[in-house]
S.K.: 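I'd like to ask some things about the structure below.
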Amino acid sequence: MSARPATGTPTAAERYADLTFDRMPSAVPTGVPLDPPQWVRVPGATEWIRRLPAPGADPLVDWSPAPTEAALTGVGSPGRVEAGVPLDLPALAALLSFGAGVSCAEFGPQSSWRHHRVAPSARCIFPCSVWIVGWGAEGSEPDVCRYHPEHQQLRSQAPFKHRRWTRIHCAVTAAPGVTGTHYGDYAYRLVCQEAGLLAGSLLLAARTLGLRARTVPDHSPYDIDQLLCLDGRRECSLAVIALSGTVTDAVFPAPDLEGPRVRRPCPAFAELGALSSAAHHEFARTRPRRGPADGGQENPAAPAALPRPAPARLPWQRLRAARDSGDPGFVPAPQPVDADTLERLCGAALTTAFPGVWRGLPALSLLSARRDVPGADCGLFRHDEPAARHDHDQPAARPGSLPPAWQLLTADAVTPFLRRCQMVASTNAHQAPATVFIVVDLAAWLRHDAARAYGDLHLRTGEAALRLLMAASAEGLAARVHNGFLTGPVREVCGPGRWIAPFAVILSRRRPSARYRFVLEGGL
């Protein structure tokens, strides 16, 4: 286990967490943001291009957790075998388009950012990328390519070796310097958040398409950097998952094309700040620590075991088109959010698409700040994953409901709490009918694996946040991820522990807006 040194000296990851949560106001820059670096052509250099087809189907979003390996194989579960689907070229193309593709282009006098994706990005800069590693014959070198969502293409700096892939890994990388042109040392927190949201989007898309996903425990981020030919100085790996279907057989019948090589110039990671660079160095040289039997039989006490309310199973394209973070200056609508809707949102956030991916990691909790929620008591309430609950005196959950919540604050105290949390008044959470904080005990994550704690907790909570955002879309809400919340008030109400809120999501009914959106399917 990675742990704090015997001298008690905090690790770089712990010191960076202290900077970006406890001392966040000192880490966030002020002033007008700089323009991020754009993609440019590399003179005289070429890349190899594989075009991906546009999605041929529009499946209903599947909010449920994937069945256990025993259920998939039928072991110990008579009659409970899930057919699944093959991971072929149409399924791979759909996965990338659904999970990481461009969702819409936006125009209008109230629009600040033109292109949008399912997974939000600070100021829509999108420093994170998805890479695909595809193997052909056993023992051969893999193909390595970056997904370009704007054109629904895979691009490789070397000619593709295989027309047929029988094993596929999907990696999420980040170029912190793209965001760091304005955010400096704070940029690493933003790219960790985005990597978690992007990984969560891919996992939800994989579940919806009937694919399987699992961790790759024998690879550290440094190993993935080596595989992708990244030096880790300007672009670094943060997550990798192995994808599969009943059969993995992605065949590319069309010839590959040759096109101009493009790159996004940005400062080296270390130039943004020594502390975030050191924190990532600790993370990059360690492999994931997961519980035993990763991807195998589920622990009955795992978070996926309890049935939860889920949003409607709507078509993915409809849900993606409905994703709305609101106007740049988020002003909540005055209409309420009813109790059943909020319960379905929290249920979606506390369920994971593939429980085995996070096996053994510390639990997360939700704080729901209810200001105007008809059908439920208002106040501040805490929902825990079942594994995190230790109060056996709490009443049992009714079938199909969330675990019973702890009331932390009464109705008259929730608005003052939100005001104390807000670093800047423009956050406006104190006017929203509901705000959901996704919180973790940082001390528990540091005890589990100090070196990986910062990256892993953002990946885990990022999936919960993405599911909450998509569930809000299913319920016709605008949902805004916001970082402008202070840690102190959250710790005061959560009790013992070193609690932090990696994500806070403000919820509101949609307001009329002079933002005009054009839905995109399969690239620009």
Side-chain angles (χ1 to χ4, degrees), residues 55 58-64 94-95 97-106 111 113 115-121 124 126 149 193-194 196-209 308-328 330-333 335-338 340-353 366 368 373 432-436 438 461-482 503-513 515-521:
D58 191 6
L60 302 180
V61 174
D62 190 347
W63 300 104
S64 64
L95 172 77
S97 177
F98 290 168
V102 177
S103 58
C104 70
E106 184 179 289
S111 177
W113 306 299
H115 292 151
H116 295 270
R117 303 179 189 176
V118 167
S121 173
C124 291
F126 302 112
Q193 285 182 306
E194 184 175 333
L197 291 162
L198 185 53
S201 180
L202 291 165
L203 291 171
L204 182 58
R207 177 65 186 129
T208 294
L209 291 165
R308 300 200 174 96
R313 294 190 62 184
L314 301 178
W316 184 283
Q317 299 285 25
R318 176 179 167 186
L319 214 57
R320 182 167 75 166
R323 263 285 297 124
D324 188 4
S325 295
D327 291 337
F330 190 78
V331 179
Q335 293 88 1
V337 172
D338 66 86
D340 289 343
T341 295
L342 185 59
E343 186 178 38
R344 287 191 292 271
L345 265 59
C346 291
L350 283 174
T351 308
T352 175
L366 303 182
S368 59
V373 183
T435 299
V436 176
I438 301 174
T461 57
E463 189 203 11
L466 187 281
R467 292 175 66 91
L468 179 61
L469 296 174
M470 289 289 276
S473 299
E475 301 289 346
L477 301 177
R480 168 67 66 84
V481 173
H482 200 87
F503 290 90
V505 181
I506 310 172
L507 302 169
S508 169
R509 295 290 171 189
R510 292 196 180 97
R511 299 174 63 96
S513 174
R515 293 180 296 123
Y516 310 111
R517 307 182 117 195
F518 295 85
V519 176
L520 300 170
E521 297 179 11

S.K.: Specify the closest pair of heavy atoms between Ser121 and Phe126, including all atoms of both residues, with the distance to one decimal.
M.R.: OG-N, 2.9 Å

S.K.: Does any part of the side chain of Leu345, heavy atoms only, come nearer than 4.5 Å to the side chain of Leu477, both counted from C-beta?
M.R.: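 SC-SC contact between Leu477 and Leu345 confirmed.
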
S.K.: Write down the atom of Leu469, the atom of Val505, and the distance for their closest heavy-atom approach.
M.R.: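 Reported closest heavy-atom pair: CD2-CG1, 3.9 Å.
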
S.K.: Do you know the tightest heavy-atom contact between Leu342 and Val337?
M.R.: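 In terms of heavy atoms, the two residues are closest at N-CG1, 4.4 Å.
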
S.K.: Considering non-hydrogen atoms only, spot the tightest contact between Arg509 and Glu475 and give its length.
M.R.: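 Closest pair (atom of Arg509, atom of Glu475, distance): NH1-O, 3.2 Å.
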
S.K.: Would Phe98 and Leu209 count as a side-chain contact (heavy atoms from CB on, under 4.5 Å) here? Give the steps.
M.R.: CA-CA 10 Å; Phe98 290 168; Leu209 291 165; 3.9 Å; yes

S.K.: Examine the side chains of Ser64 and Arg207 and answer whether a donor and an acceptor come within less than 3.5 Å of each other.
M.R.: yes

S.K.: Between Leu319 and Val118, is any pair of side-chain heavy atoms under 4.5 Å apart?
M.R.: no

S.K.: Less than 4.5 Å apart, any side-chain heavy atom of Phe503 and any of Leu197?
M.R.: yes

S.K.: Quick one: does any side-chain atom of Thr435 pair with a main-chain N or O of Ile506 as donor and acceptor, under 3.5 Å?
M.R.: no

S.K.: For the pair Ser508 (side chain) and Ala432 (backbone), establish whether a donor and an acceptor sit closer than 3.5 Å, ignoring hydrogens and angles.
M.R.: no

S.K.: Strictly distance-based, threshold 3.5 Å: is any side-chain N or O of Arg467 a donor or acceptor partner for the main-chain N or O of Ala348?
M.R.: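 Yes; judged by distance alone, with no hydrogens or angles, the pair exists.
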
S.K.: So which atom in Val61 and which in Trp316 form the shortest heavy-atom distance, rounded to 0.1 Å?
M.R.: CG2-CE3, 3.5 Å

S.K.: Compare every heavy atom of Ser473 with every heavy atom of Asp324, then report the nearest pair and how far apart it is.
M.R.: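 Taking every non-hydrogen atom into account, N-OG, 4.3 Å.
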
S.K.: If we only count heavy atoms from C-beta on, is the Leu203 to Thr352 side-chain gap below 4.5 Å?
M.R.: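 SC-SC contact between Leu203 and Thr352 ruled out.
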
S.K.: With side chains defined as the heavy atoms from C-beta onward, is the minimum distance between Ile438 and Leu366 less than 4.5 Å?
M.R.: yes

S.K.: A side-chain contact here means heavy atoms from C-beta on lying under 4.5 Å apart; do Pro433 and Leu507 qualify?
M.R.: no

S.K.: Hey, does the side chain of Asp58 reach the backbone of Gln317 with a donor-acceptor pair shorter than 3.5 angstrom?
M.R.: yes

S.K.: Kindly indicate whether the side chain of Pro332, heavy atoms from C-beta on, has any atom under 4.5 Å from the side chain of Arg480.
M.R.: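 In short, these two side chains do not touch, never coming nearer than 4.5 Å.
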
S.K.: Rounded to the nearest 0.5 Å, what's the gap from CG on Leu60 to CZ on Arg318? Could you check?
M.R.: 10.0 Å

